[in-house]
Amino acid sequence: MNLVERAKNIVLTPKTEWPVIAAETTSTADLFKNYVAPLAAIPAVASFIGMSIIGFGVPMLGNIRLPIVTGITAMVLSFVFAFVGVYLISLIIDALAPQFGAEKNPAQALKVAVYSFTPSWLAGILSLLPSLSILSLIAGAYGIYILYLGLPVLMKAPEEKATAYTAVSVICSIVLMVVFSMVIGAIGGSAMYGAGMSASHNTHATTGALGELEKMGQKMEEANKKMEAAKKSGDPQAEMKAATEALGVALGAGSQAEVVDKDKLKALFPEAIGNLKRNSLEGEKSAMGEFKVAKAEARYGDENNHQIRMTITDTGGSKMFGAMFAWGMMEQDKETDTGYEKMGKVNGRPTHERFQKDGPSGEYSLLVGGRFLVETHGDNVDMATIKTASATIGYDKLEAMKNEGVKQ
């Protein structure tokens with residue numbers, strides 16, 4: 001596969017290029033490494049240059065440039081999530097196949113998803129001038145047309161059902177991306193993922209994402225083989241299990257350790273925080289394929305409705321999932337008449353705090369040992385109480401657990 005020729009052909013002559021693609025046996029790893037990586041980098045890099053180097057015009061304010069570190073943050077996240085997003089969309093395409101008389105085939109579904117994104121990735125160059133980036137919507141619409149042409153060829157969907165198949169696939173994908181964006185935005189704490197990130201941390205994040213790419217591709221290749229084997233077995237439960245494991249691969253790729261036992265996390269919560277007594281204590285461990293999470297939660301309160309809720313979450317140091325904790329790479333300090341929000345570092349640990357005067361209510365979160373997310377929410381209490389509560393779990397104890405279950 002020649003990258004330039006393939007990109008040109010799928011955009012200019014998709015009707016004749018899809019049969020060629022259908023006959024190919026490109027591995028998942030090669031597809032991600034040799035096609036997705038270079039094309040997904042176009043909008044990521046162009047957007048960074050356009051927003052942080054060239055700048056964009058704002059009425060009455062003139063030309064605005066995002067801080068360099070903010071632009072790099074957005075660039076890294078955009079690049080990383082391109083891989084996860086296209087893979088999840090391929091799972092949707094494959095899962096919907098039987099509904100429209102098509103054949104389930106994970107490998108072909110991935111090719112349909114990847115190559116249909118070609119126009120959008122190429123149009124990403126328009127992000128060099130943010131005022132022109134709206135034109136990328138046209139490229140996205142053309143990508144839908146390419147998808148429509150590819151489904152009958154690669155997924156063997158009946159021509160008369162291709163339109164409906166395309167429409168439902170696109171709708172489901174849009175919903176998925178909206179939810180994905182909401183999760184990122186909620187964790188990031190701001191529309192542009194905050195306003196600052198150290199260059200050294202940024203370089204590490206970029207290198208880490210690229211370093212994990214080939215490993216992730218290989219694991220996805222294995223997951224696809226399992227899905228193909230499950231399809232051949234004709235067992236619906238086996239197919240569902242294989243699909244779930246594949247989703248787990250997408251989310252859990254890059255996990256550095258097995259999560260710790262939930263009871264160890266539960267043991268970190270004190271029985272009381274000042275005058276607030278512990279009302280509940282829970283722990284759970286969840287897994288979806290390779291993606292595993294251990295979580296413990298404790299609630300505290302008194303008769304005056306002062307309440308504290310604390311959670312400790314261990315994601316095993318998953319680089320892909322951990323990248324969504326975007327505030328862990330930023331600095332921000334904003335204040336309004338009703339409250340404030342801050343992101344930065346305390347004793348080298350990434351932190352995020354938010355406080356609302358009305359209520360009052362607030363939250364304080366920090367990442368310990370690069371894998372443990374400690375979140376403390378308070379109602380009818382001040383921020384000092386929230387921070388005091390957070391510290392009672394013993395950050396040093398968590399730090400000492402950061403190497404538990406680390407994979408060799």
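Numbers here are sequence positions counted from 1.
- Between Ile93 and Tyr165 the shortest heavy-atom distance is O-OH, 2.5 Å.
- Atom CG of residue Leu398 and atom CZ of residue Arg349 lie 8.5 Å apart, to the nearest 0.5 angstrom.
- Here Ile10 contributes atom CD1 and Ser116 contributes atom OG; the two are 7.0 Å apart, rounded to the nearest 0.5 Å.
- Contact check for Thr311 versus Thr376: no side-chain heavy atoms found under the 4.5 Å cut-off.
- Nearest approach of Arg371 to Glu258, heavy atoms of both residues: NH2-O, 3.2 Å.
- The main-chain N or O of Asn9 is found under 3.5 Å from a side-chain atom of Thr13 such that the two form a donor-acceptor pair.
- Relative to the six-membered ring of Tyr340, Arg354 misses at least one condition, a distance below 6.0 Å or an angle of at most 45° to the axis.
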Would Val36 and Tyr115 count as a side-chain contact (heavy atoms from CB on, under 4.5 Å) here? Give the steps.
CA-CA 9 Å; Val36 177; Tyr115 291 121; over 6 Å; no
Between Glu353 and Lys387, is the salt bridge (Lys or Arg N to Asp or Glu O under 4.0 Å) condition met? List the steps.
CA-CA 9 Å; Glu353 63 179 279; Lys387 290 184 177 181; 3.1 Å; yes
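- Atom CG of Leu276 is separated from atom CG of Asn279 by 9.0 Å, given to the nearest 0.5 angstrom.
- Val86 has its side chain within reach of Phe32: a pair of non-hydrogen atoms, C-beta onward, lies under 4.5 Å apart.
- By the ring-ring contact (aromatic ring centres under 6.0 Å, His included) test, Phe269 pairs with no residue at all, sequence neighbours left out.
- A 4.5 Å side-chain heavy-atom check between Leu3 and Pro38 finds at least one atom pair inside the cut-off.
- Under the 3.5 Å distance criterion, with hydrogens and angles disregarded, a donor-acceptor pair is assigned to the side chains of Thr118 and Tyr35.
- In terms of modelled atom types and a separation under 3.5 Å, the side chain of Asn105 and the main chain of Ala107 share a donor-acceptor contact.
- Under a 4.0 Å N-O distance rule, the pair Arg299/Glu282 does not qualify as a salt bridge.
- Here the shortest heavy-atom pairing between Ser90 and Ala109 reads O-CB, 3.5 Å.
- Across every non-hydrogen atom of Ala102 and Pro158, the tightest pair is N-CD, 4.3 Å.
- Looking at heavy atoms from C-beta onward, Met155 lies in side-chain contact with Gln108 at the 4.5 angstrom threshold.
- With sequence neighbours left out, Thr385 forms a side chain to side chain donor-acceptor pair (under 3.5 Å) with Asp382.
- Surrounding NZ of Lys357 are more than 12 heavy atoms belonging to other residues, nucleotides or ligands, all under 6.0 Å away.
- Rounded to the nearest 0.5 angstrom, Tyr145 OH and Leu147 CG are separated by 12.0 Å.
- Atoms CD1 and CD, on Ile386 and Glu375 in that order, are 13.0 Å from each other to the nearest 0.5 Å.
- A 6.0 Å sphere centred on CG of Asn305 holds more than 12 heavy atoms belonging to other residues, nucleotides or ligands.
- Side-chain N/O atoms of Glu341 and His352 include a donor and acceptor closer than 3.5 Å.
- Note on Lys402 versus Asp396: no salt bridge recorded, every NZ/NE/NH1/NH2 to OD/OE distance being 4.0 Å or above.
- A distance of 9.0 Å separates NZ of Lys266 from CG of Asp261, quoted to the nearest 0.5 Å.
- Within the 3.5 Å criterion, the main-chain N or O of Gln307 finds no donor-acceptor partner in the side chain of Asp379.
- Looking at Glu404 and Lys264, a side-chain N of the basic residue comes within less than 4.0 Å of a carboxylate O on the acidic one, giving a salt bridge.
- Considering every non-hydrogen atom in both Ser169 and Ile92, the closest pair reads O-CG2, 4.4 Å.
- Residues Tyr395 and Val346 have side chains not in contact (no heavy-atom distance under 4.5 Å, counting atoms from C-beta outward).
- Using a 4.0 Å cut-off between a side-chain N of Lys or Arg and a carboxylate O of Asp or Glu, Glu17 and Arg6 qualify as a salt bridge.
- With sequence neighbours excluded, the residues that form a ring-ring contact (aromatic ring centres under 6.0 Å, His included) with Phe117 are Trp121.
- With hydrogens and angles disregarded, a donor-acceptor distance shorter than 3.5 Å links the side chain of Arg278 to the backbone of Pro270.
- Remark: side-chain polar atoms of Asp314 are not paired, donor with acceptor, to backbone N or O of Phe372 under 3.5 angstrom.
- The shortest distance between side-chain heavy atoms of Lys285 and Lys295 does not fall below 4.5 Å.
- A pairwise comparison of heavy atoms in Val381 and Pro360 identifies O-CG, 3.5 Å as the closest pair.
- Contact annotation: the side chain of Trp18 approaches that of Ile146 to within less than 4.5 Å [non-hydrogen atoms, C-beta and beyond].
- Put simply, the side chain of Phe355 does not reach to within 4.5 Å of the side chain of Ser361, judged on heavy atoms.
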Pair Ser390, Val374 - check side-chain contact (heavy atoms from CB on, under 4.5 Å), show working.
CA-CA 8 Å; Ser390 178; Val374 180; 4.0 Å; yes
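- Using a distance-only test at 3.5 Å, with no hydrogens or angles considered, a donor-acceptor pair links the side chain of Lys111 to the main chain of Ile21.
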